[in-house]
Amino acid sequence: MNKAVFIDKDGTLVKNVPYNIDPARMMVEPGAVEALTLLQQNDYLIVVVSNQGGIAKGYFTEKDLMKANSHLAGMLAEEGVFVDAFYYCPHHPDGIIADYATKCSCRKPAPGMLLRAAQELQIDLSESWMIGDILDDVEAGHRAGCKSILYDVGNETEWVLDRFRNPDHKITNLLKAADIICQLNYNKVLEHEPAPESV
Ligand SMILES: [Mg+2]
Ligand SMILES: [Zn+2]
């Protein structure tokens, strides 16, 4: 079984530009490359899970989104970070494109994308984490059985809390998130480092 870090895209992995699919306006968040590098070194799959209601709303197509995602994958690959999979939810209950204008089980806070990834990539969800910038990400992670980290940089504005929406950790720097995740797997980290001085 694999373990994974599920990461939200807009506002977490890249700067929050609402409904953006223009590669030129896509900027990787500070610390993201370093964080993903560390997670990758510690054998976590990197799985991007993203709500893309703009498709249901007719702002852009799935094809446009694929292009944006592959651009992002390319930017990260240049830095040595390899995204294992991109999942997205194209639906929105208030959409205008009939095929997508539906309540679904994949739009976060529902856990559908994580559950599907777990099946397709043999992921042990109890060993996995969700990182996102709003509590809907946290809830999706918890509903899937993962631990969660809120990237708390002001994008959550409503703070409706319940037992699913209480993050295990809050951080303002993505590298800190990777530190937290890898510390919990400390033996693995030590394998790559000199043995500590004995006392
Ligand atoms: Mg987000
Ligand atoms: Zn959906």
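Here, residue 1 is the first one in the sequence, and each next residue gets the next number. Numbering of ligands and ligand atoms starts at 1, following listing order.
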**Student:** Would the distance check show the side chain of Asp168 and the main-chain N or O of Lys147 forming a donor-acceptor pair, the cut-off being under 3.5 Å?
**Tutor:**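 No: the side chain of Asp168 does not pair with the backbone of Lys147.
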**Student:** In degrees, rounded to 10 degrees, what angle do Cys106 atom SG and Cys89 atom SG make at the Zn ion (ligand 2)?
**Tutor:**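 Vertex the Zn ion (ligand 2), arms to SG of Cys106 and SG of Cys89: 120°.
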**Student:** Would you say the side-chain atoms of Glu156 pair up with the backbone N or O of Trp159, donor to acceptor, closer than 3.5 Å?
**Tutor:**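 Yes.
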**Student:** Ion pair present between Asp136 and Arg107, side-chain N to carboxylate O less than 4.0 angstrom?
**Tutor:**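 Judged by the 4.0 Å cut-off on N to carboxylate O distance, Asp136 and Arg107 do not form a salt bridge.
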**Student:** If you check every N/O/S atom of His91, which is the one nearest the Zn ion (ligand 2)?
**Tutor:**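 Result for His91 and the Zn ion (ligand 2): ND1.
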**Student:** Could you tell me whether Lys15 and Asp10 have a side-chain N and a carboxylate O separated by less than 4.0 Å?
**Tutor:**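 Here Lys15 does not pair with Asp10 in a salt bridge, since their nearest N and O are not under 4.0 Å apart.
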**Student:** Could you tell me the angle subtended at the Mg ion (ligand 1) by OD1 of Asp133 and OD2 of Asp8, rounded to 10°?
**Tutor:**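 Taking the Mg ion (ligand 1) as the apex, I get 80° for this pair.
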**Student:** Which is the closest N/O/S atom of Asp10 when seen from the Mg ion (ligand 1)?
**Tutor:**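 Of all N, O or S atoms belonging to Asp10, O is the one nearest the Mg ion (ligand 1).
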